[in-house]
2 protein chains.
Amino acid sequence: MKAQPPAVSIAAHNSDNRARLKQQREQLLLQLAQQILQQEGFAGLTMDRLTAASEVSKGTIYNHFCSKEDLITALSVDSLQRQLLLFQQALSVSGHSRERALALHYAYFLFSTTEPTLFLCLLSAATPAVVEKSSASRLAQRQALEQQLLGFCQQVIRQALAENAISLQGGCSIEELTYLQWAQAFGANALYRPAQQMGFFQGLAQQQLVLAGVNLMLDGLGWRPLSADFDYQSCWQRIALALQQQAPQAQS
Amino acid sequence: MKAQPPAVSIAAHNSDNRARLKQQREQLLLQLAQQILQQEGFAGLTMDRLTAASEVSKGTIYNHFCSKEDLITALSVDSLQRQLLLFQQALSVSGHSRERALALHYAYFLFSTTEPTLFLCLLSAATPAVVEKSSASRLAQRQALEQQLLGFCQQVIRQALAENAISLQGGCSIEELTYLQWAQAFGANALYRPAQQMGFFQGLAQQQLVLAGVNLMLDGLGWRPLSADFDYQSCWQRIALALQQQAPQAQS
DNA sequence: ACCTGAACACCGTTCAAGT
DNA sequence: ACCTGAACACCGTTCAAGT
């Protein structure tokens, strides 16, 4: 008695299909853009070159990205999606709350080193020149993903409170703690290359620095067990192994 | 008996004068660029507009900056020079080593809020697109200034060691500590606006976050007196007053 | 030796025509 | 409804001519 349900279903299916194909093409374009970025540097990424590398025309590319800057923001969204996957994997390693916090820091560090180009996109996307010319929807997408990432961090802090591993006296909120850890991780990973290039430290590995930074902050917070009472160096290596096994090789 | 010392002296004087005038003009150009940046945003800063705002021609501007990106890097050099002045003022406040470390963090925070545009230039200048197209000499200038700034931080850590306020066991070097504090400060100040914009914290002031972050790190390090034994909140306010008095108003 | 600004080249963006 | 690519516009950069 209902009016042609199959027709509706086919229409919906077609529309879905079309959206899925568009989505796939966008993913391909992003991959090509990333490749150009790696091979030619940021100055070498032009819309002409992306057009040449792809099999679509300029107009179609502008159908996906409203500006070159929007393309950069799209790459940063891609970055955050990968980070999200890494965070999920990181939270699947077992251990007490501080080990899990460390796992998240490791995931962040791992991403910054295995995908340096995408990590730099994230930095570029924070720049006003890029924000000013990106579409509102793309910026909203980025924000939503960042919120999800921070959500994972808050989750671990809540676990710590439940375990009685920390006590938040003196008005230090969960949000505040999350933010400070984010800031520490962002700074320690983003500034490593510049600092190294100016010869600031001789043989200090980024890994060790990040681990030391986390330990400093979490010890300061009194997150038990303290680094004096637990071997976080071994823990770090265990996390590294666990995450490497889950993602044997990075995509080409 | 010597050959015309006056002539040489006059020549030198003229040459000095010329260099000084060029330097002055460059300073003026940077000021104008900053003004355009504030009024029109990063997308609004074009070489044409800068030419129009100045009283020189395009060719002359390219005599100062080899590219638009070089101009951004020059603005970041200007930023670092101002930061250096603030650091010097910060170190003139009296107190034990941890108070002096706090003073440096305050100076960094103060700069990031009173000169948001220049602070963003610093962020942009860290971006590959800008680095790739900046002159080697300008990049070297920036590096030298950053090294000077980090030198101030190391100085305070050495003071702490001399005072026996900290003990660096376990291979944690002065450079490592300096880097981690830089990373923390950079992250906490650079991410504040984005985080605020996504509504991550309701009424948390940047100041309080930065202070909390520093306390966490320095407590974790065991830098005496610990925050439980000393009123760093008051100390922070005392530093704020001291730095405001030395520089009553920021330049327009 | 330095300044000028017209000319050039490149590249981001649009849009009329096509399917 | 979507794709195309020629045309456009803007803007970074250069350089022959001038002082």
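Naming: A, B, ... by sequence-line order, numbering from 1 per chain.
In this entry the distance linking NE2 of B:H64 with P of C:dT4 reads 10 Å, nearest Å. Rounding to whole angstrom units, CD of residue B:Q23 and P of C:dC2 are separated by 15 Å.
Under the 4.5 Å side-chain criterion, counting only non-hydrogen atoms from C-beta, B:N63 is in contact with B:K22. Contact of the A:L123 side chain with the B:L123 side chain is registered, since non-hydrogen atoms from C-beta on lie closer than 4.5 Å. Looking only at side-chain heavy atoms (C-beta outward), B:C121 and B:F42 come within less than 4.5 Å of each other. Using a 4.5 Å heavy-atom cutoff, the side chains of A:Q27 and A:D78 are in contact.
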For DNA chain D, what dot-bracket results from Watson-Crick or G-U pairs at under 3.5 Å, with [ ] for crossers and | for inter-strand partners? ||.|||||...|||||.||
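Ring geometry for B:F186 versus A:F186: interplanar angle under 30°, hence parallel rather than tilted (30 to 60°). Ring planes of B:F201 and B:Y192: parallel class, angle under 30° (limits at 30 and 60°).
For the atom pair CG (A:L71) and OG (A:S135), the distance works out to 11.0 Å, reported to the nearest 0.5 Å.
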Heavy atoms under 4.0 Å is the rule here; annotate nucleotides 5-19 of chain D 5' to 3' with B where the base is hit, S where only the sugar-phosphate is, and - elsewhere. B-----SBBB-----
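Checking the phosphate oxygens (OP1, OP2) of D:dC3, a side-chain nitrogen or oxygen of A:N63 falls inside 4.0 Å. Here A:R25 does not reach the OP1 or OP2 of D:dC2: none of its side-chain N or O atoms lies under 4.0 Å away.
When atom types are taken as modelled, the side chain of B:R142 and the backbone of B:A125 share a donor-acceptor pair closer than 3.5 angstrom.
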